Enquirer: 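Let me begin by handing over the structure; questions about it come next.
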Amino acid sequence: MNHSKITTLSTVQLTYTEDLYKIVDSLNRTLKEDDLMFGLTLSEDNDEKAIFTIYRTQ
């Protein structure tokens, strides 16, 4: 079984737009071999804000 450790490197809140997921998808596809993973979630407090997070996986 492969256990990976996930470390949060950076989190930023920004204005949500429909195409943000395309950037996150591209980053994940391009940089997964470099042990990087990217996440995007809507803010719980404000539907117009998104939270972008960069993780290192090991």
Side-chain angles (χ1 to χ4, degrees):
M1 181 184 252
N2 185 6
H3 294 284
S4 64
K5 178 181 174 187
I6 298 175
T7 305
T8 301
L9 299 178
S10 177
T11 300
V12 65
Q13 186 171 340
L14 43 99
T15 302
Y16 175 78
T17 64
E18 288 183 20
D19 289 337
L20 281 176
Y21 77 92
K22 293 178 183 178
I23 295 169
V24 174
D25 184 55
S26 178
L27 288 168
N28 279 324
R29 290 173 189 252
T30 305
L31 297 173
K32 66 182 174 184
E33 288 85 22
D34 294 327
D35 298 325
L36 294 172
M37 182 172 67
F38 303 85
L40 183 69
T41 60
L42 286 176
S43 171
E44 292 180 9
D45 302 333
N46 185 343
D47 288 346
E48 295 179 7
K49 296 291 181 178
I51 299 168
F52 174 73
T53 306
I54 303 171
Y55 305 96
R56 178 168 309 281
T57 60
Q58 298 175 357

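Given the structure is predicted, the values throughout are model-derived calculations rather than measurements.
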Enquirer: Measuring from Thr7:OG1 to Tyr55:OH, what's the distance to the nearest 0.5 Å?
Expert: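 Going from the OG1 atom of Thr7 to the OH atom of Tyr55 covers 11.0 Å.
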
Enquirer: Under 3.5 Å, which donor-acceptor pairs do the side chains of residues 33-54 form with other protein atoms, sequence neighbours left out?
Expert:
{"residue": "Ser43", "atom": "OG", "partner": "Asp45", "partner atom": "N", "Å": "3.2"}
{"residue": "Ser43", "atom": "OG", "partner": "Asn46", "partner atom": "N", "Å": "3.4"}
{"residue": "Asn46", "atom": "OD1", "partner": "Glu48", "partner atom": "N", "Å": "2.9"}

Enquirer: Flag yes if Ile6 and Leu27 sit in one hydrophobic cluster, no otherwise; membership is Ile, Leu, Val, Met, Phe, Trp, Tyr, and two members link when side-chain heavy atoms are under 4.5 Å apart.
Expert: no

Enquirer: Identify, with sequence neighbours excluded, every residue that meets side chain to side chain donor-acceptor pair (under 3.5 Å) alongside Asn28.
Expert: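 In terms of side chain to side chain donor-acceptor pair (under 3.5 Å), with neighbours along the sequence ignored, Asn28 is linked to no residue.
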
Enquirer: Can you give the donor-acceptor pairs under 3.5 Å from side chains of residues 11-22 to other protein atoms, not counting sequence neighbours?
Expert:
{"residue": "Asp19", "atom": "OD1", "partner": "Lys22", "partner atom": "NZ", "Å": "3.4"}

